[in-house]
Amino acid sequence: GGGGGGGGGVAGSSAFIGVLDIFGFEVFACNSFEQLCINFCNEKLQQQFNDFVFSLEQQEYEREQILWSFVDFPDNAACLELIEARHRGVFALLDEQCIIRSRATDAGYAGKLY
């Protein structure tokens with residue numbers, strides 16, 4: 001999408017490295033479904049980042065017998081499982097409520113989550 005600073009570069013522009021911290025859910029006074037989806041996507045991206053940058057690199061260091069200090073990092077798999085699990089995750093249960101929409105209620109959905 002738009003925004004500057006991406007690939008290609010412009011003659012005379014300065015080079016820079018940007019870091020985006022996407023780990024953790026944002027909490028607002030009123031969270032929308034859209035914000036849940038944004039947070040979920042950010043968590044999936046963070047999981048991919050952790051896997052490729054930490055897990056796989058550390059495994060490579062071990063295989064190559066490179067001296068290094070283990071880098072411990074948080075695992076967000078349980079959080080993602082809560083949201084995306086088949087048949088019992090937040091999204092699956094919401095999808096079910098949409099299918100039975102004429103009989104669905106907020107209380108019924110909330111009851112299935114707990």
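Because only heavy atoms are used, hydrogens play no part in the values below, and waters and symmetry mates are left out as well, while side chains stay in.
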Could you state the interatomic distance from [atom1] ([X]) to [atom2] ([Y]), rounded to the nearest 0.5 Å?
{"X": "Leu36", "Y": "Asn31", "atom1": "CG", "atom2": "CG", "answer": "8.0 Å"}
{"X": "Ile83", "Y": "Leu94", "atom1": "CD1", "atom2": "CG", "answer": "12.0 Å"}
{"X": "Asn76", "Y": "Gln46", "atom1": "CG", "atom2": "CD", "answer": "7.0 Å"}
{"X": "Gln65", "Y": "Arg63", "atom1": "CD", "atom2": "CZ", "answer": "11.5 Å"}
{"X": "Phe49", "Y": "Asn42", "atom1": "CZ", "atom2": "CG", "answer": "13.5 Å"}

Quiz item: Can you get from Leu82 to Leu45 by hopping between Ile, Leu, Val, Met, Phe, Trp and Tyr side chains that sit under 4.5 Å apart?
Solution: no
Quiz item: Would a hydrophobic clustering, with Ile, Leu, Val, Met, Phe, Trp and Tyr connected at side-chain separations under 4.5 Å, put Phe33 with Val90?
Solution: yes
In chain order, what residues pass the salt bridge (charged side-chain N to carboxylate O under 4.0 Å, His left out) check against [X], with sequence neighbours excluded?
{"X": "Glu81", "value": "Arg88"}
{"X": "Arg86", "value": "none"}
{"X": "Glu64", "value": "none"}
{"X": "Glu57", "value": "none"}

Among all residues two or more places apart in sequence or in another chain, which pass the side chain to side chain contact (heavy atoms under 4.5 Å, CB included) test with [X]?
{"X": "Val71", "answer": "Phe54, Gln58"}
{"X": "Leu67", "answer": "none"}
{"X": "Glu34", "answer": "Ser32, Ile38"}

Quiz item: In the hydrophobic clustering (ILVMFWY, side-chain contacts below 4.5 Å, transitive), which residues join Leu56, or is it alone?
Solution: Phe52
Quiz item: Apart from Trp68 itself, what residues make up its hydrophobic cluster, given side-chain heavy atom links below 4.5 Å?
Solution: Tyr61, Ile66, Phe70
Quiz prompt | Pairs meeting criterion ring-ring contact (aromatic ring centres under 6.0 Å, His included) with involvement of residues 88-114, two or more places apart | solution = Phe40-Phe91
Quiz item: According to the side chain to side chain donor-acceptor pair (under 3.5 Å) rule, which pairs have a member within residues 90-105, sequence neighbours left out?
Solution: Glu96-Lys112
Quiz item: Minimum heavy-atom separation for Ala92 to Ala85, with atom names?
Solution: CB-O, 3.6 Å
Practice problem: Check the pair Glu43, Asn39 against side chain to side chain donor-acceptor pair (under 3.5 Å), reporting the backbone distance first and the verdict last. | Solution: CA-CA 6 Å; Glu43 290 295 319; Asn39 288 340; over 6 Å; no
